[in-house]
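See structure below.
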Amino acid sequence: MPELPEVETIARGVDERLRGDRIETVWFSEKPEPFNSPPQLMAKELHGRRIDRVHRVGKHIVFDLADRPASSQGLQWIVHLGMTGRLLVADPATPLPPHTHAVLQLKSGRELRFVDPRRFGRMALHGVSPKKTKPKRFQGTGQEPLSISPDEFAALFRPRRTSIKAALLNQKLLHGVGNIYADESLFRAGIRPRRMARHLKRAELDRLHASLQSVLSEAISLGGSSVSDYVDAAGVAGFFQLEHRVYLRTGQPCLVCGTPIRRMVLAGRGTHYCPHCQR
DNA sequence: AATGAAACCTGACAGC
DNA sequence: TGCTGTCAGGTTTCAT
């Protein structure tokens with residue numbers, strides 16, 4: 001469900017509520033899908049740790065965990081929410097929602113819950129060192145859209161022999177951009193999603209760089225987009241869906257020129273654009 | 001090497 | 001009511 005602004009909102013919410021708290025018990029469901037690390041190992045490593053900080057890298061939520069004596073250094077717990085994953089800080093008295101796959105009970109008396117109906121989400125340990133090598137901090141898969149410079153942005157996309165939309169969704173280039181913000185940033189930059197990345201002029205790449213950063217920043221300030229069921233760590237919806245200009249607006253008039261918004265399938269994803277404003 | 005399509009899952013909704 | 005088809009915020013795997 002979540003792209004960069006939603007993941008950022010959730011990570012900030014969890015950080016505010018759980019920083020400094022300690023993990024006392026760990027429960028994982030029987031379903032194997034959500035786990036990239038063996039659940040037993042994950043439970044053993046998480047138990048007793050203090051949460052130093054929670055932050056976002058790409059679409060991943062990263063928990064920095066305090067070191068324990070006689071244990072691996074710099075351990076991180078990585079959570080990816082997939083399409084429908086939620087991370088909720090809740091009172092234990094609140095009934096567990098269906099499709100709850102992980103519950104961490106904390107010293108403060110609160111619970112951290114991972115809920116994911118479609119089970120595309122994943123969680124894993126990072127920095128466990130059976131090989132005794134110095135663990136690297138989790139870096140994600142690509143570059144950060146919010147801090148990349150126009151020059152780096154152009155260098156990243158100029159050589160790509162695919163559509164600009166597919167390139168924006170490629171997490172090895174930029175990480176964090178998903179379907180909503182790809183469509184919205186292309187609209188604001190006036191670029192057709194099907195245009196080949198390598199054929200874009202530098203001025204167009206600069207416009208896209210600027211519109212992507214402003215769309216993402218604006219969305220973060222509004223708490224993300226709640227299209228069907230997205231909520232932040234406290235269960236509160238975001239408001240950026242009210243600012244969408246093309247995403248899921250098929251057939252409705254373009255807010256700039258009135259032309260009906262079109263939908264097509266590109267890179268396997270529903271793609272929304274204005275045939276008049278985007279060239 | 002790189003690209004697109006299919007697969008992985010469940011739920012909501014429209015239409016019959 | 002209930003069935004079928006479509007669509008959904010993502011990523012990985014398998015053919016080209």
So, A:S225 and A:Y247: side-chain donor and acceptor under 3.5 Å apart, yes or no? no
In plain terms, say whether A:K59 and A:E6 are close enough for a salt bridge, that is, a side-chain N and a carboxylate O under 4.0 Å apart. no
Rounding to a whole Å, what distance do you find between A:K172:NZ and C:dG10:P? 17 Å
With distance as the sole criterion, is a donor-acceptor pair present between the side chains of A:T141 and A:K172 under 3.5 Å? no
What N/O pairs connect the protein and nucleotides 2-5 of chain B at under 3.5 Å? Give each pair on its own line.
unit_1 : atom_1 : unit_2 : atom_2 : d
B:dT3  : OP1    : A:R161 : N      : 3.3
B:dT3  : OP1    : A:R161 : O      : 3.4
B:dG4  : OP2    : A:T162 : OG1    : 3.1

Length of the line joining A:L81:CG and C:dG10:P, which is rounded to integer Å: 11 Å
Touch class at under 4.0 angstrom, heavy-atom based, for A:Y181 against every strand present: nothing
Rounded to whole angstrom, note down the P distance from B:dA1 over to C:dT11. 23 Å
Provide the distance between the two P atoms, one in B:dC9 and one in C:dC14, to the nearest whole Å. 14 Å
Below the 4.0 Å mark, does B:dC9 have OP1 or OP2 next to a side-chain nitrogen or oxygen of A:H99? no
Residues in ring pair (Phe, Tyr, Trp, His ring centres under 6.0 Å) contact with A:Y273, at least two apart in sequence or another chain: none
Without decimals, in angstroms, what is the distance between A:N36 CG and B:dC8 P? 17 Å
According to a strict under-4.0 Å criterion, is A:Q171 in side-chain N/O contact with OP1 or OP2 of C:dG10? no
Flag the pair A:D206 and A:K201 as a salt bridge only when some basic side-chain nitrogen lies within less than 4.0 angstrom of an acidic carboxylate oxygen. no
For A:L174 and C:dG10, what is the distance between atoms CG and P respectively, to the nearest whole Å? 14 Å
Any chance the rings of A:F28 and A:H101 have centres within less than 6.0 Å? no
Integer-rounded Å distance: C:dG10 C1' and A:D183 CG: 15 Å
Stem list, DNA chain C (Watson-Crick or G-U pairing under 3.5 Å, at least 3 consecutive pairs): B:2-8 with C:10-16, B:10-16 with C:2-8
Please state how far atom CD1 in A:I180 lies from atom P in C:dG10, giving the value in whole angstrom units. 7 Å
C:dA8 OP1/OP2 closer than 4.0 Å to side-chain N/O of A:R263: yes
Find the distance A:N179:CG to C:dC7:P and express it as a whole number of Å. 13 Å
How would you label the contact of A:T141 with the nucleic acid (heavy atoms, under 4.0 Å): base, sugar-phosphate, or nothing? nothing
Any chance the side chains of A:T84 and A:D116 put a donor and an acceptor closer than 3.5 Å? yes
Distance check: side-chain N/O of A:R119 vs OP1/OP2 of B:dC8, anything under 4.0 Å? no
Compare the ring of A:F120 with the six-membered ring in the base of C:dT11 and state whether they stack (centres under 5.5 Å, planes under 30°). no
Just N and O in the side chain of A:H80: are any of them under 4.0 Å from OP1 or OP2 of C:dT11? yes
With distance as the sole criterion, is a donor-acceptor pair present between the side chains of A:H175 and A:Q143 under 3.5 Å? no
Rounded distance in Å - CG (A:D116) to C1' (B:dT10): 10 Å
Less than 3.5 Å apart, any donor N or O on the side chain of A:T25 or A:H47 sitting next to an acceptor on the other? no
Donor-acceptor side-chain pairing of A:T162 and A:R160 below 3.5 angstrom: no
